[in-house]
Amino acid sequence: MTEVKWDKNAVRVVLEKAEGGMRQRSFNNVSQNVSPEQLQRFGQLIALLTGEKLRTVVETTTTQLN
């Protein structure tokens, strides 16, 4: 039996809505090994497109061995 490894990565962008409250947007299977500056620029782009204020950007990677 061969062991299979796969990685799933995602970027979560947290935005502040104009009328108050927060909104989270997730983007799955984006490029791996991005710099913090690239993540921040990506979050700023999403904020610009939505008209909301950027709060945080977080990248997560999940590794699974089968």
Side-chain angles (χ1 to χ4, degrees):
M1 179 184 259
T2 304
E3 191 171 273
V4 178
K5 176 185 172 193
W6 57 266
D7 292 331
K8 174 187 172 192
N9 62 332
V11 172
R12 186 177 73 228
V13 179
V14 180
L15 303 161
E16 185 177 329
K17 298 187 291 185
E19 63 275 1
M22 301 291 177
R23 178 189 321 267
Q24 293 187 35
R25 296 180 184 271
S26 295
F27 301 88
N28 295 320
N29 300 318
V30 295
S31 298
Q32 294 180 344
N33 302 320
V34 295
S35 70
E37 293 81 19
Q38 290 171 313
L39 284 175
Q40 188 67 22
R41 284 191 301 232
F42 179 76
Q44 290 170 345
L45 176 62
I46 299 302
L48 178 66
L49 290 172
T50 61
E52 298 172 339
K53 181 179 178 184
L54 178 63
R55 300 297 286 180
T56 60
V57 180
V58 179
E59 178 187 26
T60 59
T61 301
T62 304
T63 302
Q64 177 70 38
L65 294 175
N66 292 332

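Quick caveat, the model's predicted, so the values are computed rather than measured.
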Contacts of Thr63 that satisfy side chain to side chain donor-acceptor pair (under 3.5 Å) - sequence neighbours left out
Asp7

Taking Val57 as the starting point, is it possible to reach Val34 by hopping between hydrophobic residues whose side chains are less than 4.5 Å apart?
yes

Name the atoms and distances for all side-chain donor-acceptor pairs under 3.5 Å in residues 11-19, with sequence neighbours left out.
from: Arg12; atom 1: NE; to: Gln24; atom 2: OE1; distance (Å): 3.3
from: Glu16; atom 1: OE1; to: Arg55; atom 2: NH1; distance (Å): 3.1

May I have the list of side-chain donor-acceptor pairs in residues 39-52 shorter than 3.5 Å, sequence neighbours left out?
from: Thr50; atom 1: OG1; to: Ile46; atom 2: O; distance (Å): 3.0
from: Thr50; atom 1: OG1; to: Ala47; atom 2: O; distance (Å): 3.3
from: Thr50; atom 1: OG1; to: Glu52; atom 2: N; distance (Å): 3.4
from: Glu52; atom 1: OE1; to: Arg23; atom 2: NE; distance (Å): 3.4
from: Glu52; atom 1: OE2; to: Arg23; atom 2: NE; distance (Å): 2.9
from: Glu52; atom 1: OE2; to: Arg23; atom 2: NH2; distance (Å): 3.0

Spatial distance of atom CG (Asn29) from atom NZ (Lys8) [nearest 0.5 Å]:
7.0 Å

